[in-house]
Amino acid sequence: MTATLTARRPRSRTGGTGATPAGTSRTGTSAWTPWLYLLPALAVLGALLVYPVYQLGLISFLEYTQAQVSGGEPTSFQGLGNYTALFTDPQFRQVLLATVVFAAACVAGTLAVGCALAVLLTRVRALPRLALMLAALGAWATPAVTGSTVWVFLFDADFGPVNRLLGLGDFSWTYGRYSAFALVLLEVVWCSFPFVMVTVYAGIRAVPTEILEAAALDGASQWRIWRTVTAPLLRPILAVVTIQSVIWDFKVFTQIYVMTNGGGIAGQNLVLNVYAYQQAFASSRYSLGAAIGVVMLLLLLAVTLVYLRLLRRQGEDL
């Protein structure tokens, strides 16, 4: 009986019994082989990312001001004292809310403009497509300081051509809180949409034309084809550009700092990155600035993980 069961046991092509040895995949390679290929990249990321994040978190639990930096006073452990002071500060809560709303508006505007222009690229001829691509890449390649300075000049109350074209006289865009945020939002969308446009355009070109032609023959409009056919197929690409936009727009610094002169009148246009800079370097409260940085990091991780979890629930592989 034992011999019969042994004879009936399935065998692999190599003459084994079909069981996969421990630590070996079904293809015969070690389970650690992919990690060996990733080891150089992980080492670089560890040096450039993990250690600075560790130092940031460590400083956020200490009393670390200019006195400790200069050696005049010893460094003391504060525990959650910096975080308690942060979350009980009304200005921090106001800045946090403004940052979330501003980043959400920037992400929505960037995705809308980038996706619309990506669809437009598939509808125009080669020469207009090339001109639009070059113009978009020019905006993408412009340094943030340069782009912000140019936008401030264009909307200047005295010499800017925009006010003259719109007949606004000496209206100051940076004086009011909402007009200043709107001006910065336009600049952020202008310098961010090329990444979305090029990425989504490449994804659209990869969609099989047979599917789009079949939808058009069924009488679907262009908007319905995009909403029910193209967008679902582009969901992994849209996930990547959305997460990238959230990360970039949530930690906007240069545009706000340059265009509102450090956060606007009485700090009315502060966002978390500028607020952290003011606390850490203008006020020499480095531990409080580090605590703001840790809060930003945790918020970005939470948004990214929630978004990826929602996509996986919908059956998308990323």
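A distance of 11.5 Å separates CG of L132 from CG of L127, quoted to the nearest 0.5 Å. To the nearest 0.5 Å, atoms CD1 (I292) and OH (Y275) are separated by 5.5 Å. From I225, atom CD1 reaches atom CD of E213 across 10.0 Å, with rounding to the nearest 0.5 Å. Residue T88 holds its OG1 atom at 8.0 Å from CG of L86, rounded to the nearest 0.5 Å. Distance check: W223 CH2 to T230 OG1 gives 11.0 Å after rounding to the nearest 0.5 Å. Note that the OG atom of S148 and the CH2 atom of W190 stand 8.5 Å from one another [nearest 0.5 Å].
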Assess the residue pair S76 and Q78 against the criterion (side chain to side chain donor-acceptor pair (under 3.5 Å)); give the C-alpha distance rounded to whole Å, side-chain angles, the decisive distance to 0.1 Å, and a yes or no.
CA-CA 6 Å; S76 59; Q78 297 294 314; 3.0 Å; yes
Between V53 and L297, is a side chain to side chain contact (heavy atoms under 4.5 Å, CB included) present by the stated rule, with each step listed?
CA-CA 9 Å; V53 170; L297 177 62; 3.7 Å; yes
Test V241 against C115 for side chain to side chain contact (heavy atoms under 4.5 Å, CB included), laying out the working first.
CA-CA 10 Å; V241 296; C115 292; over 6 Å; no
Run the numbers on Q222 and V119 for side chain to side chain contact (heavy atoms under 4.5 Å, CB included), then give the verdict.
CA-CA 10 Å; Q222 293 296 328; V119 175; over 6 Å; no
Give the intermediate values and the outcome of side chain to side chain contact (heavy atoms under 4.5 Å, CB included) for residues T304 and V246.
CA-CA 8 Å; T304 303; V246 168; 5.8 Å; no
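Side-chain atoms of V50 and L45, non-hydrogen and from C-beta on, never get closer than 4.5 Å to each other. Between F250 and F102, the closest side-chain pair of non-hydrogen atoms is not below 4.5 Å. Between L121 and L117 the shortest side-chain heavy-atom distance does not fall below 4.5 Å. Using a 4.5 Å heavy-atom threshold, the side chains of T99 and M296 count as separate. Looking only at side-chain heavy atoms (C-beta outward), L39 and W32 stay at 4.5 Å or farther from each other. Residues F92 and P90 form no side-chain contact, since every pair of their non-hydrogen atoms from C-beta on lies 4.5 Å or further apart.
Every pair tested for side chain to side chain donor-acceptor pair (under 3.5 Å) that includes a residue from residues 239-250 fails, sequence neighbours excluded, so the list is empty.
The two atoms that bring T260 and G263 nearest to each other are OG1-N, 3.1 Å, heavy atoms only. Residues A280 and G289 share a closest heavy-atom pair of CB-CA, 4.1 Å. Looking at every heavy atom in both residues, A157 comes nearest to F171 through CB-O, 3.5 Å. Residues T142 and G147 share a closest heavy-atom pair of CG2-N, 3.7 Å. Contact between Q255 and A144 at its shortest, heavy atoms only, is NE2-CB, 4.1 Å. The shortest non-hydrogen separation linking T65 to E63 is CG2-OE2, 3.5 Å.
R285 places no side-chain N or O within 3.5 Å of a backbone atom of Q279 that could act as its donor or acceptor partner. A donor-acceptor pair is defined here as one N or O able to donate and one able to accept, closer than 3.5 Å; no such pair exists between the side chain of S60 and the backbone of A291. Remark: side-chain polar atoms of R177 are not paired, donor with acceptor, to backbone N or O of N269 under 3.5 angstrom. At least one donor-acceptor pair closer than 3.5 Å links the side chain of N82 to the backbone N or O of L62. With N273 contributing its side chain and K251 its backbone, the two residues share a donor-acceptor pair below 3.5 Å. When atom types are taken as modelled, the side chain of D218 and the backbone of A220 share no donor-acceptor pair closer than 3.5 angstrom. Under a 3.5 Å cut-off, the side chain of S70 and the backbone N or O of A67 do form a donor-acceptor pair. The backbone N or O of T149 lies less than 3.5 Å from no partner atom in the side chain of E187, so there is not a single donor-acceptor pair.
No single ILVMFWY cluster, assembled from side-chain heavy atoms under 4.5 Å apart, contains both V303 and L97. L56 and Y51 fall within the same hydrophobic cluster, defined by Ile, Leu, Val, Met, Phe, Trp and Tyr side-chain heavy atoms under 4.5 Å apart, directly or through other members. The hydrophobic cluster containing F153 also contains F155, counting ILVMFWY residues as joined when their side-chain heavy atoms lie under 4.5 angstrom apart, directly or transitively. With hydrophobic clusters built from ILVMFWY side chains whose heavy atoms lie under 4.5 angstrom apart, L120 shares a cluster with V200. Under the 4.5 Å side-chain contact rule for hydrophobic residues, L168 and M259 share a cluster.
The other residues sharing a hydrophobic cluster with V44 are L48, where clustering joins ILVMFWY side chains under 4.5 Å apart.
Using cut-offs of 30° and 60° for the angle between ring planes, the Y257 and Y277 rings count as perpendicular. In this structure, Y83 and F61 have tilted ring planes: the angle between them lies in the 30° to 60° band. Between F195 and W140, the ring planes are parallel. Angles under 30° get that label, and only those over 60° would be called perpendicular.
Within a 6.0 Å sphere centred on OH of Y175, other residues, nucleotides and ligands contribute 12 heavy atoms or fewer. For OH of Y37, the number of neighbouring non-hydrogen atoms (other residues, nucleotides, ligands) closer than 6.0 Å is 12 at most. The number of heavy-atom neighbours closer than 6.0 Å to CZ of R224, taken from other residues, nucleotides and ligands shown, is 12 or below. In this structure, D89 places its CG atom where more than 12 heavy-atom neighbours from other residues, nucleotides or ligands lie under 6.0 Å away. Counting non-hydrogen atoms of neighbouring residues, nucleotides and ligands closer than 6.0 angstrom, the CZ atom of R205 reaches no more than 12 such neighbours.
Looking at Y64 and T75, their side chains never bring a donor and an acceptor atom within 3.5 Å of each other.
Screening I256, V252, V258 for a side chain to side chain contact (heavy atoms under 4.5 Å, CB included) involving T254 leaves a single residue, V258.
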